[in-house]
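First the structure, in the form of structure tokens, and then the observations on it.
As the structure is a prediction and not an experimental result, all values here were calculated from the model.
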Amino acid sequence: MVGINIKNFGFLTALMQIICLISVRAYVISEKLGKKRSFIILIVSITVSCFLLAYVTSKIICIFLIVLIEASFAICQPLSLDVQNKSIFTKDRATILSMYAMITDIISSMTYAIVGKTATISLKYSFILCGLLSLLSLLFVVIYFHSINKNINIKKALIK
């Protein structure tokens, strides 16, 4: 990774764990910006960072981009869980949340395998792949929030 000494990876890992602690304050961002805007900003920052990592040669910029990805991902997690929890209106809430978790684990496992295989070929290509996957997730988030807004507008029209 851009000539970073392997001895520093422990320090970098610890730094990433500390960065993850900011997810505790994710609600502050979503209150100020709203869930939709928060998700879009965070996923765009992850996407852009992944694409930039494919081409960056500076150690400092590389570390900054990784920290940005980690922080954005950490903030997305509680927002995502909140959206999942608020989208379930049935009595089988625990079952549906378990299904969400299982589907997420399966998709993650397949994604990790594909990204790992790509990284053995080229680290640059693996970052580009991560950028493309992030772009895909951005598309899904936009579609989700668009469908939510559409359903709200339909309900408002029916009430009138």
Side-chain angles (χ1 to χ4, degrees), residues 1 9-56 58-112 115 126-160:
M1 210 170 83
F9 275 85
F11 171 74
L12 291 173
T13 302
L15 176 66
M16 295 308 130
Q17 294 302 311
I18 292 168
I19 296 295
C20 284
L21 293 175
I22 66 168
S23 67
V24 173
R25 306 287 292 169
Y27 70 92
V28 174
I29 293 171
S30 71
E31 283 177 355
K32 289 183 179 182
L33 301 175
K35 280 187 182 57
K36 178 182 177 181
R37 188 173 288 144
S38 297
F39 264 120
I40 290 172
I41 290 169
L42 293 167
I43 295 173
V44 165
S45 70
I46 291 170
T47 303
V48 170
S49 296
C50 286
F51 284 126
L52 288 174
L53 279 169
Y55 301 99
V56 166
S58 166
K59 292 177 191 179
I60 294 171
I61 294 173
C62 182
I63 291 170
F64 172 77
L65 292 172
I66 292 170
V67 167
L68 183 60
I69 290 170
E70 191 70 28
S72 297
F73 185 75
I75 295 169
C76 276
Q77 291 306 311
L79 295 176
S80 176
L81 290 174
D82 188 48
V83 167
Q84 288 176 15
N85 280 318
K86 289 182 179 176
S87 68
I88 300 170
F89 301 106
T90 67
K91 62 180 181 173
D92 299 324
R93 179 183 196 77
T95 304
I96 293 172
L97 287 172
S98 294
M99 288 172 52
Y100 280 169
M102 184 176 66
I103 291 167
T104 300
D105 289 345
I106 290 168
I107 292 170
S108 295
S109 297
M110 292 185 312
T111 303
Y112 293 151
V115 171
S126 68
F127 283 127
I128 292 170
L129 177 60
C130 288
L132 292 171
L133 292 170
S134 297
L135 204 55
L136 183 63
S137 70
L138 178 63
L139 176 67
F140 287 141
V141 166
V142 169
I143 290 169
Y144 170 77
F145 281 108
H146 178 72
S147 70
I148 293 292
N149 289 340
K150 192 174 184 180
N151 288 339
I152 290 171
N153 291 336
I154 290 171
K155 287 178 185 177
K156 285 180 183 177
L158 291 174
I159 291 173
K160 291 181 180 180

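In this structure, the separation between CD on Gln84 and OG1 on Thr104 is 6.0 Å, given to the nearest 0.5 Å. In this structure, Arg37 CZ and Lys32 NZ are separated by 14.0 Å, a value rounded to the nearest 0.5 Å. The structure places CG of Leu68 at 13.5 Å from CD1 of Ile63, a figure rounded to the nearest 0.5 Å. Within the model, atoms OG of Ser134 and CG of Leu138 stand 9.0 Å from one another, a figure rounded to the nearest 0.5 Å. Atom-to-atom distance recorded for Leu65:CG and Ile60:CD1 is 12.0 Å, nearest 0.5 angstrom. Here the SG atom belonging to Cys130 is positioned 10.5 Å from the CD1 atom belonging to Ile46, to the nearest 0.5 angstrom.
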Take Lys35 and Phe145, measure what side chain to side chain contact (heavy atoms under 4.5 Å, CB included) needs, and give me the verdict at the end. CA-CA 9 Å; Lys35 280 187 182 57; Phe145 281 108; 4.2 Å; yes
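Counting all heavy atoms, side chain and backbone alike, Ala54 lies closest to Ile128 at CB-CG1, 3.7 Å. Between Phe39 and Val141, the shortest heavy-atom distance links the atoms CB-CG1, 3.8 Å. Contact record, Leu133 with Val115: CD1-CG2, 4.1 Å, taken as the closest heavy-atom pair. Across every non-hydrogen atom of Ile88 and Arg93, the tightest pair is O-NH1, 3.2 Å. Nearest heavy atom pair, residue Leu79 against residue Ile75, reads CG-O, 3.5 Å.
Each of Leu53, Leu132, Leu52 was checked for a side chain to side chain contact (heavy atoms under 4.5 Å, CB included) with Phe127, and the lone residue meeting it is Leu53.
Every residue two or more places apart in sequence or in another chain that forms a side-chain hydrogen bond (donor to acceptor under 3.5 Å, both in side chains) with Ser72 is listed here: Ser45.
Side chain of Ser80 to backbone of Cys76: no donor-acceptor contact under 3.5 angstrom is found. Judged purely by atom type and a 3.5 angstrom limit, Asn85 uses its side chain to pair as donor or acceptor with the backbone of Leu81.
Few gaps surround OH on Tyr144; more than 12 heavy atoms of other groups in view lie less than 6.0 Å from it.
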